[in-house]
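Okay, structure first, notes after.
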Number of protein chains: 2
Amino acid sequence: MSEQTTDEVDSQDLRASDGRVPGRRGLATRQKMLDATGALLDTVAYRDLKVVDIAREAGTSPATFYQYFPDVESAMLAMAADLGDSWYADLSKLITNRDWEGDPDGSAHRVADGMLEFWTRHKPVLRVLDLASMEGDLRFREIRTNLLAGATEALMDLAAERNIPGDPMASAGVVVGMLAHVANHQHGLERWGVSHEVLVDTVAGIIRRTILGVT
Amino acid sequence: MSEQTTDEVDSQDLRASDGRVPGRRGLATRQKMLDATGALLDTVAYRDLKVVDIAREAGTSPATFYQYFPDVESAMLAMAADLGDSWYADLSKLITNRDWEGDPDGSAHRVADGMLEFWTRHKPVLRVLDLASMEGDLRFREIRTNLLAGATEALMDLAAERNIPGDPMASAGVVVGMLAHVANHQHGLERWGVSHEVLVDTVAGIIRRTILGVT
DNA sequence: CCCCGTTCCTGACGGAGCATCAGATACCTC
DNA sequence: GAGGTATCTGATGCTCCGTCAGGAACGGGG
């Protein structure tokens, strides 16, 4: 185990509030905080997420929370960043690992299903990421951009190859956004009588027509 | 003291915290609170929106705020409801008042442009409405459903008339969602080099292909 | 014009959560 | 098992919350 030369941005200087570099135990506690935050977000509105509650959920004290995060918002930022790190590549592969030539329809379905699945699984974090991005917070916005960059670029390449009418970048961006939105508001659409399967079909159809140019 | 039988939902029992029915001056103050809330939301994150600040912005005291709203969330709810009341019909007309037969492309553009304009104008309220809906708050969810119902139904009818492949309801719902999302994240797409015009073109294209079945 | 009831506003307060620090505790190394 | 470092927490001052009781503004009748 060589000296942690943290040149990479990934393991950026992760410091406790007093400037120390956290060790194994500290990092575990930090992670416990993030887990607790995530768990609470399943049931509590972001606006009502309090430091006291996170600390209690994590089985520790509020003061400990402040050792690792200056505020709740920063904990959310860390969660979002982790999500980006661990999923950026997978989202990209979800699109590139497809036989678009041989089975365009099935491929579109897989992409639609995979993206919806991803958003649904991480909904609590992603909706906060979305809100903060909309509100103009640049740190969240960058994480969001990076998280979606892989998928967007893959779709863009696909669209560019096909010489579809219209701007490939715009098409890819809009499609990715649509997927995010649909996943987030799936409940609402289902309440209008739209089943999950029909939804995937519809979204896949839009992907097909917008990105592949197939009618 | 007769039991106020407020049958209508419109003039629902709008009460001050002590049970009075507010008069002209009271309603003006209430509105001033809502305006102040809206103004603050342009610059302050929803999570950091405090009663004290709203009161200060409205040139009054925190106690006054509590005369008209039990909490900040309820003020947001009122703003969203007002938005729904005043725009429901217009959003619907934005779609029905079009010559879809004679000029499908222009019509799709108008709809795309109009929706984006609407969302951009009311972005601060709408993004909170979106978040609260996602978080499962039924009151916000209902307002959102109603607000979008007009537009969604109009698009659905259009899709149904055309006998497009796929489910008209799902198509309409997804398209409306896409419009909302694109408006909210316009900045992000523009940062990727996508101009507003190209964006409108792209969205209009998706509307055309998804709802009208025109390639 | 003043009176008086109603409507509306606010100063003041106890309570809850925030954010900080100094000191206590757990862990590791030798 | 002693000493040093990493980690945690009780205690604290402070901001904001949410609720009164009482004061100010309005408006209709004399």
Side-chain angles (χ1 to χ4, degrees), chain A residues 1 3-4 6 11 13-37 39-41 43-78 128, chain B residues 1-2 4 6 11 13-37 39-41 43-78 128:
Chain A
M1 209 75 67
E3 178 62 26
Q4 291 246 16
T6 55
S11 54
D13 57 356
L14 195 56
R15 300 295 180 93
S17 61
D18 54 3
R20 235 144 34 79
V21 177
R24 194 161 32 89
R25 190 162 60 118
L27 287 176
T29 304
R30 192 189 115 103
Q31 189 55 48
K32 222 165 30 174
M33 292 292 185
L34 291 181
D35 293 345
T37 304
L40 282 178
L41 265 189
T43 50
V44 178
Y46 178 47
R47 189 166 206 282
D48 300 326
L49 197 57
K50 310 288 183 202
V51 173
V52 204
D53 300 325
I54 296 175
R56 194 198 336 259
E57 175 80 18
T60 157
S61 78
T64 302
F65 177 91
Y66 288 105
Q67 289 241 321
Y68 299 101
F69 308 101
D71 49 34
V72 175
E73 195 189 359
S74 298
M76 290 304 310
L77 195 66
V128 172
Chain B
M1 205 74 70
S2 74
Q4 281 261 9
T6 52
S11 57
D13 52 1
L14 196 53
R15 300 295 180 93
S17 60
D18 53 2
R20 285 175 298 106
V21 177
R24 194 162 36 85
R25 190 160 62 116
L27 287 176
T29 304
R30 192 189 116 103
Q31 189 56 48
K32 224 169 23 178
M33 291 292 184
L34 291 181
D35 293 345
T37 304
L40 282 177
L41 265 189
T43 49
V44 178
Y46 178 47
R47 190 167 205 284
D48 301 325
L49 196 58
K50 310 289 182 199
V51 173
V52 205
D53 300 325
I54 297 175
R56 197 199 334 260
E57 175 80 18
T60 159
S61 77
T64 302
F65 178 91
Y66 289 105
Q67 289 238 323
Y68 299 101
F69 309 101
D71 50 35
V72 175
E73 194 189 0
S74 298
M76 290 304 312
L77 195 66
V128 172

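Since the structure is predicted, the reported quantities are computational estimates derived from the model, not experimental observations. The figures here come from the full heavy-atom set of this structure, side chains too, leaving out hydrogens, waters and symmetry mates. So you know, we letter chains A, B, ... as the sequences are listed, proteins then strands, and number each from 1.
Side-chain contact between F69(B) and L77(B) is absent, with no heavy atoms from C-beta onward closer than 4.5 Å. Counting heavy atoms from C-beta outward, E57(B) and I54(B) have side chains that stay 4.5 Å or more apart. Two residues are said to be in side-chain contact when any heavy atoms from C-beta on lie closer than 4.5 Å; D53(A) and V44(A) fail this criterion. Using a 4.5 Å cut-off on side-chain heavy atoms (C-beta onward), T29(A) and Q67(A) make no contact. Under the 4.5 Å side-chain criterion, counting only non-hydrogen atoms from C-beta, E73(B) is in contact with Y46(B).
The V52(B) side chain lies nearest to dC16(D) when the options are dT20(C), dC16(D), dT10(C). Here the side chain of A63(A) is nearest to one of dT7(C), dG10(D), dC8(D), namely dG10(D).
Rounded to whole Å, the distance from CG on D48(A) to P on dC18(C) is 11 Å. Note: CZ (R56(B)) to P (dT10(C)) measures 14 Å, nearest angstrom. Atom CZ of R47(A) and atom C1' of dG17(C) are 14 Å apart (whole Å). Between the CD atom of Q67(B) and the P atom of dG22(D) there is a distance of 16 Å, given to the nearest Å. To the nearest angstrom, C1' of dC8(C) lies 17 Å from CZ of F65(B). Remark: C1' of dC8(C) and CZ of R30(B) are 15 Å apart, rounded to the nearest angstrom. At whole-Å resolution of the value, NZ in K50(B) and P in dA16(C) are 17 Å apart. For the pair E73(A) CD and dA19(C) P, the computed distance is 11 Å after rounding to whole Å.
Judged by closest nucleotide on DNA chain C, R25(B) is the one of R25(B) and L49(A) placed further toward the 5' end.
Note on Y66(A): every side-chain N or O is 4.0 Å or more away from OP1 and OP2 of dT20(C). Close to dT10(C), at under 4.0 Å from its OP1 or OP2, lies a side-chain N or O of S61(B). Side-chain nitrogen and oxygen atoms of T64(A) include at least one within less than 4.0 Å of the OP1 or OP2 phosphate oxygen of dT9(D). Within the structure, a side-chain polar atom (N or O) of Y68(B) is placed less than 4.0 Å from OP1 or OP2 of dC9(C). Distances shorter than 4.0 Å separate some side-chain N or O of T29(B) from OP1 or OP2 on dC9(C).
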